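Sequence positions, counted from 1, serve as the residue numbers for this chain. For clarity, every value in this text was computed on a predicted model and none was experimentally measured. The analysis underlying the following values was restricted to heavy atoms, covering all of them including side chains, and did not include hydrogens, waters or symmetry mates.
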Amino acid sequence: MNKIMVFDELENKSIMVEFNNIESISQEDMEFYFDDEIRKAWHKQEEEWYFSIVDICAVLTEQENARSASTYWAVLKKRLKEEGADELLTNCKQLKMVATDGKMRKTDCANIEQVLRIIQSIPSKKAEPFKVWLAKVGAERLDEIADPEKAMERAAATYKAKGYSDKWISQRLRSIEIRKELTDEWQNAGINNPKDYAALTNILTMAWSGKSVQAYKELKGLKKENLRDNMTNTELALNLLAEVSTTELSRMQRPTGYDKTKEVTISGGEIAGNARKELEAKLGRSVISSSNATTPELLDDSKKEKL
């Protein structure tokens, strides 16, 4: 039976768990995981991989042993601190992983975003492809800031390459615009903490769909994937109605602070929730679908009826 290392933040420990018991981790991830040159652990609460930074240093700089790799990381940490990367170092976690002596020992670990930042400070030929990729992404992002239409064109091309229908893509791009208007309105209400944005999104989703974001993602078999990228046309339309309603109510009521904004968000979500219930009563079935982007053709309701 395949096993993986899983870190449980609530119990503050890492344990080996059978792969079949972790439904949210895909087989593709498993193939990556069992490439054991770099130790890694699945963070149960954050639903994200964390990697041993010492092992990354060892691979990229071809250190002879664990001790020399640890020394390299110690020097690199000092340099990162001098570069002003205090937040990066603070956010890295210490997780228990199997050491060379077979015992569980704490080691500095980083998620993918943090790893990419660390790689930028490692002078290594092996790290160069990552640096080139990061430079390309950065250049594209600057282009999109200067001309937002490029971002939409790039998104449309990406969705098209993944097999989404033109009708679904058009609706998804529209939902991106509506979401931006909603988050702008939340910002006007004094919402600045990313956790508050996530909480309000969860409240809105619960109000219209009857499911929390986590429960909705579990229904669709998702991990870190974007929930909206895995919605059907009907689900997108209802989510869009919830966000439009919340935005318009907020513009009218002008709430300030989290609590007032929460009340408006619930009201906006309930408008779409009532529409969902009425539609389901007419159809005689739920419109909340377990379909996901692994079969993008099933996300287009108009095409699904013909399959």
Asks: Please indicate whether K96 has more than 12 foreign heavy atoms, meaning atoms of other residues, nucleotides or ligands, lying under 6.0 Å from its NZ.
Replies: no
Asks: Would you indicate whether the side-chain heavy atoms of M97 and C109 approach each other to under 4.5 Å?
Replies: yes
Asks: Can you classify the ring geometry of Y50 versus H43 as parallel (below 30°), tilted (30 to 60°) or perpendicular (above 60°)?
Replies: tilted
Asks: Taking atom CZ of R251 as the centre, report whether more than 12 heavy atoms of other residues, nucleotides or ligands fall under 6.0 Å from it.
Replies: yes
Asks: Provide the closest heavy-atom pair for A99 versus R105 in the form atom of the first, atom of the second, distance.
Replies: CB-CD, 3.8 Å
Asks: Under 4.5 Å between side-chain heavy atoms, counting indirect links through other Ile/Leu/Val/Met/Phe/Trp/Tyr residues: same cluster for I271 and L236 or not?
Replies: no
Asks: For Q63 and T61, test the side chains for any donor-to-acceptor distance below 3.5 angstrom and give the result as yes or no.
Replies: yes
Asks: Side chains of R179 and T201 only: does a donor on one sit below 3.5 Å from an acceptor on the other?
Replies: yes
Asks: Do T205 and N202 have side-chain atoms, one donor and one acceptor, less than 3.5 Å apart?
Replies: no
Asks: Checking R172 against S175: is there a side-chain donor and acceptor pair closer than 3.5 Å?
Replies: yes
Asks: Does the side chain of L80 come within less than 4.5 Å of W73's, by heavy atoms?
Replies: yes
Asks: Under 6.0 Å from the CD atom of E113, do we count more than 12 heavy atoms belonging to anything else shown?
Replies: no
Asks: Would you please test K262 and T265 for side-chain contact (heavy atoms from CB on, under 4.5 Å) and show each step?
Replies: CA-CA 5 Å; K262 176 181 176 181; T265 300; 5.5 Å; no
Asks: Within a 6.0 Å radius of atom CD on E278, are there more than 12 heavy atoms belonging to other residues, nucleotides or ligands?
Replies: no
Asks: So which heavy atom on A127 is nearest to which on I119, and how close?
Replies: CB-CG2, 3.7 Å
Asks: Using 4.0 Å as the upper bound for N to carboxylate O, is an ion pair formed by K162 and D229?
Replies: no
Asks: Does I122 belong to the same Ile/Leu/Val/Met/Phe/Trp/Tyr cluster as V115, with side-chain heavy atoms less than 4.5 Å apart forming each link?
Replies: yes
Asks: Is the ring pair W168/Y164 parallel, tilted or perpendicular, if the boundaries are 30 and 60 degrees?
Replies: parallel
Asks: Go through the side-chain N and O atoms of T247 and E181 and say whether any donor and acceptor fall under 3.5 Å apart.
Replies: no
Asks: Is L238 close to M231 at the side-chain level, that is, under 4.5 Å between some pair of heavy atoms?
Replies: no
Asks: Can we say K150 and E153 salt-bridge, meaning some charged N sits less than 4.0 Å from an Asp/Glu carboxylate O?
Replies: no
Asks: Side-chain contact test, heavy atoms from C-beta onward, threshold under 4.5 Å: evaluate it for L241 versus W208 and give yes or no.
Replies: no
Asks: If you measure from the Lys or Arg side-chain nitrogens to the Asp or Glu carboxylate oxygens, is any gap between R117 and E87 under 4.0 Å?
Replies: no
Asks: Does Y216 reach the side chain of S209, with side-chain heavy atoms less than 4.5 Å apart?
Replies: yes
Asks: Less than 4.5 Å apart, any side-chain heavy atom of D86 and any of K81?
Replies: yes
Asks: Quick one: does any side-chain atom of E235 pair with a main-chain N or O of S289 as donor and acceptor, under 3.5 Å?
Replies: yes
Asks: Check for a donor-acceptor pair, side chain of R276 on one end and backbone N or O of V287 on the other, with a separation under 3.5 Å.
Replies: no
Asks: Against I118, only a single residue in L88, I56, L60, D108 fulfils side-chain contact (heavy atoms from CB on, under 4.5 Å); can you say which?
Replies: L88
Asks: Would you check if Q187 and N192 make a side-chain contact, meaning some heavy-atom pair closer than 4.5 Å?
Replies: yes
Asks: Any donor and acceptor pair, going by atom type alone, linking the side chain of Q171 with main-chain N or O of N233 inside 3.5 Å?
Replies: yes
Asks: Would you say K131 has more than 12 foreign heavy atoms packed within less than 6.0 Å of its NZ?
Replies: yes
Asks: Surrounding CZ of R254 (heavy atoms of other residues, nucleotides or ligands, distance under 6.0 Å), is the total greater than 12?
Replies: no
Asks: Could you walk me through whether K126 and E62 pass salt bridge (charged side-chain N to carboxylate O under 4.0 Å, His left out), step by step?
Replies: CA-CA 9 Å; K126 288 190 175 182; E62 299 180 323; 3.8 Å; yes
Asks: Side chains of R79 and L76: does their closest heavy-atom pair fall under 4.5 Å?
Replies: yes
